[in-house]
Engineer: 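Quick one: structure below, then a few questions.
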2 protein chains.
Amino acid sequence: MTRALRQSRSADSEASPDTRARLIEAAGEEFAENGFAKATVRDICAKAAANIAAVNYHFRDKETLYLETLRHAHRYSIEHYPHHGGLASDAPAKDRLRAFVRAFLAKMLDADRPKWHGRLISREMTEPTPALTLIIEEGVRPQFAALCAIVHELAPSLKGESLEASAASVIGQALHYHHCNSMIKRLYTERKDGFPFDLEFLTDHITRFSLAAFESIERAAGEKSKNRRGKH
Amino acid sequence: MTRALRQSRSADSEASPDTRARLIEAAGEEFAENGFAKATVRDICAKAAANIAAVNYHFRDKETLYLETLRHAHRYSIEHYPHHGGLASDAPAKDRLRAFVRAFLAKMLDADRPKWHGRLISREMTEPTPALTLIIEEGVRPQFAALCAIVHELAPSLKGESLEASAASVIGQALHYHHCNSMIKRLYTERKDGFPFDLEFLTDHITRFSLAAFESIERAAGEKSKNRRGKH
DNA sequence: GTCCGATTGAAACAGATGTTTGATCGCCGC
DNA sequence: GCGGCGATCAAACATCTGTTTCAATCGGAC
């Protein structure tokens, strides 16, 4: 009957010349800007200069289109922004933290690449859609683990939940500038030239702030264990 | 013609006995859970045990209903969670920071009060809707200013953008656990009893982390100025 | 050229959703 | 009792939106 579903197309193959790719591109922009619910198939097709039926032909659903778009964004993301930021794993932990923060921020804020990749993924973080857990697990968990490893080097006294919470503190700072972007911008409107929102400033601030915290935490841990050894 | 708009009702007056209040309550839950787009007037009315026409009668629009709901949440929020957290303004800065973080987190995570107040407001932060800027300005800006004052006491060497970025770092940590709630939860599923997401643990961690950062920053600033004085 | 499958196109369908309408009910002052 | 008025209700309306249908088109294989 319906010859709609084209389960073929191994998700990577560049078979159809254009429309499929154009659809994903257009869908990415729409979804990133308006979210899944608000973005309409018609708008997407219009932006892709494709017929409305195209989304049903190349994908099956609006939902599958979304999922495929997210997959695309995810692949792009881990390919262009590896969490080690191009640094060797035996580089000093401080540098690796900076590289991590930088890569993380760049993923979100980078403007010269089609910027919807980051926005799409961050949208998933705040309101996850059912099936995509898999992708996110695959992308986020190793990233988080890598960060935990770095933090562990910087502050060996942190363990278990405290370690993970500290890693979350680093990520939270970075994400904040992304999530509350519009809000923060408005908070700084009184400054003539706006908030210095560039990658370098933020990387620098977040790295510095976090390193300061770890340093102080370690110092305190050192004192404590010294005292303990002294008393016993 | 249409006798729909009831511009009267001074936004606070408790004129209509029930339905208006029930509508706001139901709308709050629905909007907080599903966002503005996904939440349907029919669902809201069903939850409020009101007729579909009620939302048009008491408010004018779905949008006005949303706006009014947000106003309600906002009033509730600043009333029940003052940013000073009940502390006198001459209390030690460390305590005030803790109180601030605690109030901020509580606003978001508090479960025994109808928990949608916080969720609604935080939703506005990530995707602000046009008209409500006013409310948010009114609520967020003073809160942010208060935090900046606290941070300034804790780390006098921070100034201008660095000061504001540091305040944002504190807020970012707190918001992170709220925004990425579902994501974080999933990251910790391997732990049997889940992540210790309670208010106390988070307050403690964020305060500790931030205080550590400020302490270290101040120490470094002290060193630097000492060196400078020494050299000149 | 012809056939066939893949792709595209225009139109229509079906369902959901915000909004409106006109009737009805309950209450209060007269 | 009656008229007026605020409030509620069931039903319908108009629009938007995801999806489907079926014909038209294109490109290559034979």
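Numbers restart at 1 for each chain; the letters A, B, ... are given by sequence-line order, proteins then strands. This structure is a prediction, so every number in the text was calculated from the model and none was measured. What's counted below: heavy atoms across the whole structure, side chains too, no hydrogens, waters or symmetry copies.
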Engineer: It should be established whether T19(A) places a side-chain nitrogen or oxygen under 4.0 Å from OP1 or OP2 of nucleotide dT7(C).
Structural biologist: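 No, outside the criterion.
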
Engineer: Which residues pass the ring pair (Phe, Tyr, Trp, His ring centres under 6.0 Å) test with F36(A), not counting sequence neighbours?
Structural biologist: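 For F36(A), the residues satisfying ring pair (Phe, Tyr, Trp, His ring centres under 6.0 Å) (neighbours in sequence not counted) are F31(A), Y66(A).
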
Engineer: At less than 4.0 Å, is any side-chain N or O atom of N51(B) found next to OP1 or OP2 of dA7(D)? Yes or no.
Structural biologist: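 Result: no.
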
Engineer: Over how many whole Å does the gap from D43(B) atom CG to dT19(C) atom P extend?
Structural biologist: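 In whole Å, dT19(C) P lies 15 Å from D43(B) CG.
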
Engineer: Do S162(A) and H205(B) make a side-chain contact, defined as non-hydrogen atoms from C-beta onward lying under 4.5 Å apart?
Structural biologist: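 Heavy-atom side-chain distance check fails, nothing below 4.5 Å.
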
Engineer: Please write out each protein N/O paired with an N/O of nucleotides 16-19 of chain D under 3.5 Å, distance rounded to 0.1 Å.
Structural biologist:
residue : atom : partner : partner atom : Å
dG18(D) : OP1  : A39(A)  : O            : 3.4
dG18(D) : OP1  : K62(A)  : NZ           : 2.8
dG18(D) : OP2  : V41(A)  : N            : 2.7
dG18(D) : N7   : R42(A)  : NH1          : 2.8
dG18(D) : O6   : R42(A)  : NH2          : 2.8
dT19(D) : OP1  : D61(A)  : OD1          : 2.8
dT19(D) : OP2  : K62(A)  : N            : 2.8

Engineer: Round to the nearest Å and state the distance from Y66(B) atom OH to dT17(C) atom C1'.
Structural biologist: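 Going from OH in Y66(B) over to C1' in dT17(C) covers 19 Å.
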
Engineer: Below 4.0 angstrom, N of the basic side chain to O of the carboxylate: do E68(B) and R71(B) qualify?
Structural biologist: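 Yes, E68(B) and R71(B) are salt-bridged.
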
Engineer: W116(A) versus T69(A): any side-chain heavy-atom pair under 4.5 Å?
Structural biologist: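 In contact.
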
Engineer: Students often mix this up, so state it plainly: with edges at 30° and 60°, are the rings of F104(B) and F100(B) parallel, tilted or perpendicular?
Structural biologist: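 Parallel, since the angle between the ring planes stays under 30°.
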
Engineer: What's the CZ-C1' distance between F59(A) and dT7(C), to the nearest Å?
Structural biologist: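 Result: 14 Å.
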
Engineer: Does H58(A) make a side-chain N or O approach to OP1 or OP2 of dT8(C) shorter than 4.0 Å?
Structural biologist: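 Yes.
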
Engineer: Using atom types as modelled and distance alone, determine if a side-chain donor or acceptor of Y177(B) lies under 3.5 Å from a backbone N or O of L105(B).
Structural biologist: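 No, Y177(B) side chain to L105(B) backbone: no donor-acceptor pair under 3.5 Å.
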
Engineer: Taking atom C1' of dG18(C) as reference, at what distance in whole Å does atom CD of E30(B) sit?
Structural biologist: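 It is 15 Å, rounded to the nearest whole Å.
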
